[in-house]
Amino acid sequence: MRQDCVALDSGDELSALRERFAVPDGVIYLDGNSLGALPRHVPARLREVVDGEWGNGLIRSWNDAGWIDAPRRTGARIARLIGATAAEVVVADSTSVNLFKLLVAALRLNPGRNVILTQHGNFPTDLYVAQGVAELLGAELRRAGPNHDAVLAALDDRVGVLALSHVDYRTGLINPMRRFNAAAHAAGALTLWDLCHSAGAIDVELDDAEADFAVGCGYKYLNGGPGAPAFAFVARRHHDRFRQPIAGWFGHAQPFAFADDYTPASGIDRVQCGTPPMLSLLALESALDAFDGVDLAALRRKSRALGDLFIRLVDETLGPFGFAVASPRDGQVRGSQVSLTHPQGHAVMQALIERGIIGDFRAPDILRFGFAPLYVRFVDVFDAVEAIGEIMGSGEWSQPRFLVRKAVT
Ligand SMILES: *Cc1c(COP(=O)(O)O)cnc(C)c1O
């Protein structure tokens with residue numbers, strides 16, 4: 001019942017956090033896993049950055065406003081969310097570019113091994129970048145699975161790096177990070193984790209799980225804004241030896257010495273390349289305030305509870321309409337999303353979006369609903385499932401305008 005969901009929201013220890021976001025009236029936003037909502041305080045901070053730090057401070061702001069330290073400062077704040085130390089995380093470039101840099105770094109740390117092992121169905125950019133790295137270095141890209149045992153079985157003495165997404169973007173299935181790290185290390189391989197669908201929504205313990213490298217997006221559950229820069233993690237034990245291939249001046253030991261030769265900065269700083277997109281970076285830094293004081297265990301509990309509720313309501317009310325739950329029913333191995341499959345998935349999602357209920361569609365037939373636990377309410381989940389029922393029951397989805405595919409789904 002709707003009333004039960006209203007009660008769940010009243011009892012929710014995180015319910016006040018929604019106030020930190022500017023979710024538009026009349027919108028139920030279930031796509032924070034693609035583009036996080038706007039934290040309410042960010043526009044004012046951006047105005048200050050543009051008018052004050054850029055407009056008035058001009059070049060002085062690199063020192064006076066601390067722009068030069070923003071990549072490390074912001075990385076340190078993300079570190080808390082992913083179980084790393086401040087010295088192990090920096091914000092730079094995009095996830096795709098960081099994948100390239102760290103895949104090459106990992107292979108170089110493991111000479112004599114020239115296989116990148118990944119999983120069938122990994123996110124496209126992860127697969128494409130790995131293909132590019134393999135081509136460049138004369139390495140081999142091996143895709144196994146998606147089944148976990150098949151991935152483990154493909155770990156042999158030629159694998160230099162095991163590169164996986166922590167959470168499957170289609171289904172939300174969580175790859176067991178600790179188990180895969182242990183198996184990779186036992187086989188002599190390093191690991192590189194893509195945390196795009198984890199950071200800011202589910203628990204990640206990179207250090208405790210002994211991960212070697214990781215990357216992730218700033219604009220999904222971290223709410224940094226469209227095209228926000230990404231983060232990169234390198235475990236402390238690799239800091240002295242890892243070398244990444246884009247040897248730009250921001251990764252130099254002394255960028256302002258203007259030496260002819262590259263000397264990598266010590267530690268995580270050497271992951272940086274060139275001048276960061278400062279407006280986007282400062283928006284991300286500011287957005288991370290939304291996590292201030294947030295208990296990450298409570299965040300994870302809510303993320304699971306929202307997903308569990310959605311699945312229960314789908315089972316109870318959408319039975320006749322031909323949906324299937326494509327995500328794990330066990331919340332322990334499911335990220336902060338639930339995916340449904342339906343042959344008319346694209347049209348159904350378009351009809352939902354027209355009603356202000358925003359999820360997304362992933363070909364061929366997946367409707368994806370993300371539950372950002374900072375701002376999604378239990379009653380939102382109820383209303384979304386109700387609306388799906390109405391759209392199916394009335395045939396609303398079959399109107400011609402819902403059949404047109406736009407460039408971004
Ligand atoms: C969103 C996402 C990306 C995006 O990479 P960009 O370089 O920011 O475009 C990469 N990998 C995964 C797993 C993602 O979910």
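For ligands, and for the atoms within them, numbers begin at 1 and follow the listed sequence. For the single chain, residues carry numbers from 1 onward in sequence order. Values below: every heavy atom of this structure, side chains too, minus hydrogens, waters and symmetry copies.
- Of all the heavy atoms of Asp126, the ones lying under 4.0 Å from any atom of ligand 1 belong exclusively to the side chain.
- Summary of contacts: the protein heavy atom closest to atom 5 (O) of ligand 1 is Thr95 CB, 3.5 Å.
- Ser96 OG, 2.6 Å is the protein heavy atom nearest to atom 7 (O) of ligand 1.
- Heavy-atom contacts of Ser94 reach the following atoms of ligand 1: 7 (O) (cutoff under 4.0 Å).
- Every atom of ligand 1 is numbered from 1 in the order shown, and the set under 4.0 Å from a heavy atom of Cys196 is 2 (C), 3 (C), 10 (C), 11 (N), 12 (C), 13 (C), 14 (C), 15 (O).
- Ligand 1 lies within reach of Cys217, whose nearest heavy atom is under 4.0 Å from it.
- The shortest heavy-atom contact between Thr125 and Ser96 is OG1-OG, 2.8 Å.
- The pair Arg236-Asp207 does not count as a salt bridge, with every side-chain nitrogen at least 4.0 angstrom from each carboxylate oxygen.
- Interface of Asp194 with ligand 1, defined as ligand atoms under 4.0 Å from a residue heavy atom, comprises 10 (C), 11 (N), 12 (C), 13 (C).
- Numbered from 1 in the order shown, with element, the atoms of ligand 1 that lie under 4.0 Å from a heavy atom of Ser165 read 13 (C).
- For the pair Phe323 and Val325, the minimum side-chain heavy-atom distance is 4.5 Å or more.
- Among the atoms of Thr125, none of the N or O lies under 3.5 angstrom from an N or O of ligand 1.
- Taking each heavy atom of Pro176 and His148 in turn, the nearest pair found is CD-CE1, 3.3 Å.
- Scanning the protein heavy atoms around atom 2 (C) of ligand 1, the nearest turns out to be Lys220 NZ, 2.4 Å.
- A salt bridge links Arg355 and Glu396; the closest N-O separation between the charged side-chain nitrogens and carboxylate oxygens is under 4.0 Å.
- The heavy atom nearest to atom 6 (P) of ligand 1, considering only Phe123, Tyr219, Tyr169, is found in Tyr219.
- Defined by atom type and a distance below 3.5 Å, a donor-acceptor pair is missing between the side-chain atoms of Asp365 and Thr341.
- A salt bridge links Lys101 with Asp93; the closest basic N to acidic carboxylate O contact falls under 4.0 Å.
- Considering Arg368, His197, Gln337 as possible partners of Ser34, the one that fulfils the side chain to side chain donor-acceptor pair (under 3.5 Å) test is Arg368.
- With ligand atoms numbered from 1 in the order given, ligand 1 contributes 15 (O) to contacts under 4.0 Å with heavy atoms of His197.
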